[in-house]
Number of protein chains: 2
Amino acid sequence: MDLSSFYKCLSDPTRLRIVNLLLKGPLCVCQIQEILQEAQVKTSKHLGYMKSRELLIVKRKANWNFYEFAPSLHPIALSSLQAIETYAVDDAVLTVDLNRLQDSLTNDCC
Amino acid sequence: MDLSSFYKCLSDPTRLRIVNLLLKGPLCVCQIQEILQEAQVKTSKHLGYMKSRELLIVKRKANWNFYEFAPSLHPIALSSLQAIETYAVDDAVLTVDLNRLQDSLTNDCC
DNA sequence: TTGGTATATTCCTATTGACGTATATAGATA
DNA sequence: TATCTATATACGTCAATAGGAATATACCAA
């Protein structure tokens, strides 16, 4: 993956929110949708966008698709992702999402 | 500046090259053009793009416009920029640009 | 004041991106 | 097999982006 493609993945607010969630570990699409409270098609397309640019990979388990970061990302990408993880607490939207993620993890929809 | 706008600035290869150069310090447009070996209008527009999104600022000195990073960027932005600076050596294009920058600094066009 | 140099802007075109509606697909289950 | 659930894709629309050609602007210098 070239670097500008990586940054394109981060250049949309919805995708940034997804990345913020996935930094905590793999998630299935329904969890992401629920946390973002966005339309199904919107979530799915942004996930597809990041998958096609090789930032994310999918693993299917039974009925559910779990997305996670691709292995061996560029060091610059890793470093940028780490920065997002570190400073997400300063961002209202990202923090709310992380709180919703906590709640979601106690669920067992998938 | 919101975060996705910052990443939009990094989401184009030409802008990444410019950012890589400016990490070494302020530069005037003619130096940037010369190093990138890109058309004047292309360079100027990308600089304008990043200025309008408040990643860069301009300081005019005599006939020349010097671009540099805006003060007090978001910590995530600073961290991402630092990652680019650290790992630029691994990128062929960015490395060549930095070498050209060295040569350019010995000039005195501006 | 005339011209030159550095840089930005306008106009045009082609491409990409974002989002919604509707529909398709894949796998699980009854 | 029929259907349900989870998810992706196709299609249409509108906005944003990238890049080139031509032109404008701002400042300097003669």
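Sequence lines set the chain letters: A, B, ... in the order given, protein chains first and strands last, and positions in each chain run from 1. All values below were derived from every heavy atom in this structure, side-chain atoms included, with hydrogens, water molecules and symmetry-related copies excluded.
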Determine whether more than 12 heavy atoms belonging to other residues, nucleotides or ligands lie under 6.0 Å from atom CD of B/Q33.
yes
Could you list by number each residue of residues 56-67 of chain A showing a heavy-atom separation from DNA chain D of less than 4.0 Å, or answer none if no residue does?
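Here the set is A/N63, A/W64, A/N65, A/Y67.
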Looking at DNA chain D, which of residues 40-47 of chain A put a heavy atom within less than 4.0 Å of it?
A/Q40, A/V41, A/S44, A/K45
Sequence neighbours excluded, the answer for side-chain contact (heavy atoms from CB on, under 4.5 Å) partners of A/D91 is A/V93, A/L94
Would you please name every residue forming a side-chain contact (heavy atoms from CB on, under 4.5 Å) with B/L73, sequence neighbours left out?
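With sequence neighbours excluded, B/L73 shows a side-chain contact (heavy atoms from CB on, under 4.5 Å) to B/M1, B/L55, B/F69, B/A70, B/A77, B/L78, B/L81, given in chain and number order.
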Enumerate the ring-ring contact (aromatic ring centres under 6.0 Å, His included) contacts for residues 3-42 of chain A, please, sequence neighbours excluded, ordered by first and then second residue.
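Only A/Y7-B/Y7 qualify under ring-ring contact (aromatic ring centres under 6.0 Å, His included).
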Report the residues that fulfil side-chain hydrogen bond (donor to acceptor under 3.5 Å, both in side chains) with B/S4, sequence neighbours left out, ordered by chain and then residue number.
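Testing B/S4 for side-chain hydrogen bond (donor to acceptor under 3.5 Å, both in side chains), a comparison that skips the adjacent residues, returns B/D2.
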Holding to side-chain hydrogen bond (donor to acceptor under 3.5 Å, both in side chains), I want the full list of residues that pass it with A/E38, two or more places apart in sequence or in another chain.
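side-chain hydrogen bond (donor to acceptor under 3.5 Å, both in side chains) list for A/E38, sorted by chain: A/K42.
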Enumerate the salt bridge (charged side-chain N to carboxylate O under 4.0 Å, His left out) contacts for residues 47-64 of chain A, please, sequence neighbours excluded, ordered by first and then second residue.
A/K59-A/E68
All pairs passing side chain to side chain donor-acceptor pair (under 3.5 Å) where residues 12-30 of chain A contributes a residue, at least two apart
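Listed once each, the pairs are A/R15-A/H46, A/R17-A/D97, A/K24-A/E85.
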For the side chain of B/Q37 and the backbone of B/E34, is there at least one donor-acceptor N/O pair under 3.5 Å apart?
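No, the answer is negative, given that no donor and acceptor are paired below the 3.5 Å cut-off.
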Is it true that a side-chain atom of B/S80 and a backbone atom of B/I76 form a donor plus acceptor pair closer than 3.5 Å?
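Side chain of B/S80 to backbone of B/I76, a donor-acceptor pair under 3.5 Å: yes, one is there.
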Please examine the side chains of A/I18 and A/L22, heavy atoms only from C-beta on, and report whether any two atoms are closer than 4.5 Å.
yes
Rounding to a whole Å, what distance do you find between A/E34:CD and D/dA6:C1'?
14 Å
Outermost nucleotides of DNA chain C that come under 4.0 Å of a non-hydrogen atom of chain A
C/dG17 to C/dA28
Hydrophobic cluster of A/F66, others only, ordered by chain and residue number, side-chain cut-off 4.5 Å:
A/W64
Would you tabulate the nitrogen or oxygen pairs shorter than 3.5 Å linking the protein to nucleotides 15-17 of chain D?
{"unit_1": "D/dT17", "atom_1": "OP1", "unit_2": "B/Y49", "atom_2": "OH", "d": "3.3"}
{"unit_1": "D/dT17", "atom_1": "OP1", "unit_2": "B/R53", "atom_2": "NH2", "d": "3.4"}
{"unit_1": "D/dT17", "atom_1": "OP2", "unit_2": "B/R53", "atom_2": "NH2", "d": "3.2"}

